[in-house]
Amino acid sequence: MDLADIIRDLGALETSTLAAISAAPDTPALDGIDVEVLGKKGALTGILRGIGALAADDRPRVGAVANTVRGAIEAALAARRAELGAAELTERLARERIDVTLPGRPLRRGSLHPSIEAMTQIAEIFEQFGFVVHESPEIEDDLTNFQMLNIPPDHPARDLWDTLYVDIPGHLLRTHTSPGQIRVMQAMKPPIRALLPGRCFRYESVDASHGFEFFQVEGLMVDEGVTLADMKGLLDEFARAMFGDGKKTRFRPGYYPFTEPSVAFDVECLVCGGPGCPACGRSGWMTILGAGMVHPVVLQYGGLDPERYQGFAFGMGPERISMLKHGITDLRLFMENDVRFLEPFR
Ligand code: DAH
């Protein structure tokens with residue numbers, strides 16, 4: 001090949017390539033031409049391979065022509081690329097057009113389980129009274145669940161708490177959150193204002209008002225000079241915050257081994273407001289918690305001197321409170337987790 005051949009080939013390559021570029025239908029086609037012509041193993045390089053056979057004086061001329069051809073092809077590629085790019089963008093925008101006026105797909109919102117909702121509200125109220133939430137274990141020992149709460153083995157009051165035992169000797173599933181009182185007293189010094197929400201278990205046959213698994217929220221306040229009047233004031237205030245202003249409340253004598261005196265705390269029936277209805281057993285009242293002044297023996301087991309410290313404690317069922325507030329009549333609904341029951345709480 002001589003100089004003239006090479007220059008002619010370069011010219012021919014330019015012509016055919018420019019034609020191919022203007023005919024290219026899309027950017028992938030342009031990419032193909034780019035590689036075929038300008039690539040490392042492309043047509044332009046192929047022609048320039050012949051340069052070695054030329055006289056040294058001719059080589060720069062071929063180089064200059066080759067550069068012009070390369071420049072022309074590159075410019076044509078760029079121009080066509082811009083042209084096709086704009087068209088493709090327009091087409092893509094049309095294809096991917098989003099109708100912002102269409103309604104969105106609704107996200108299904110989760111919600112708190114009504115037991116948790118009630119416990120959260122209870123905790124929020126008592127936090128305002130300076131109570132701090134603590135946890136205590138679901139697997140307890142007999143000592144803490146019973147004996148240190150002034151319920152010795154064979155005490156008839158054990159019948160109040162039918163117990164599920166576990167495989168570890170001396171251990172059980174706590175039947176109430178009251179053992180948390182002992183743990184809090186052993187762990188900290190007065191003044192104590194503790195709230196202990198948690199799951200409890202009893203060996204019960206399940207019916208509309210009994211579950212073998214349910215929640216309780218325990219409260220404990222211990223300090224010097226705490227009186228029954230402090231307890232009454234606080235629980236009345238709690239009922240007001242929980243059920244609204246102006247509801248009547250009352251304290252009745254009760255019995256728990258770990259408090260002396262012990263009381264039951266009632267709020268006027270939220271369904272009938274007093275005269276009596278099926279929901280309140282025609283009494284006009286609903287019991288929301290048990291409470292009392294912490295028994296001196298219990299303070300002692302907690303490591304506190306009953307001559308110096310007094311306290312009160314209370315225990316309530318969040319499911320029961322939720323039932324009163326929402327007019328729910330069957331406790332079993334709380335643990336069955338049927339979404340149709342949970343749905344209205346969203
Ligand atoms: N632990 C009791 C129960 O499960 C409820 C209770 C009553 C807790 C009186 C207390 C209390 O702290 O003072 O029935």
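For reference, positions follow the sequence shown, starting with 1. Whatever order the structure lists them in is the order used to number ligands and atoms, beginning at 1.
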Query - Glu213, CD: over 12 other non-hydrogen atoms inside 6.0 angstrom - result: yes

Whether Phe146 and His176 hold their rings parallel, tilted or perpendicular, with breakpoints at 30° and 60° | tilted

- Message: Between Gln310 and Asp223, do the side chains contain a donor N or O and an acceptor N or O under 3.5 Å apart?
- Response: no

Using the six-membered ring wherever Trp is involved, compare the ring planes of Phe314 and Phe131 and label them parallel, tilted or perpendicular (cut-offs 30° and 60°). tilted

Donor on one side chain, acceptor on other, Thr249 and Arg240, under 3.5 Å = no

Contacts for ligand 1, heavy atom under 4.0 Å, by chain and number, are Trp161, His176, Ser178, Gln181, Arg202, Gln216, Glu218, Tyr256, Phe258, Thr259, Gly290, Ala291, Gly292, Ala313, Phe314, Gly315

Worksheet item: Between Thr287 and Arg252, does any side-chain donor sit less than 3.5 Å from a side-chain acceptor?
Response: yes

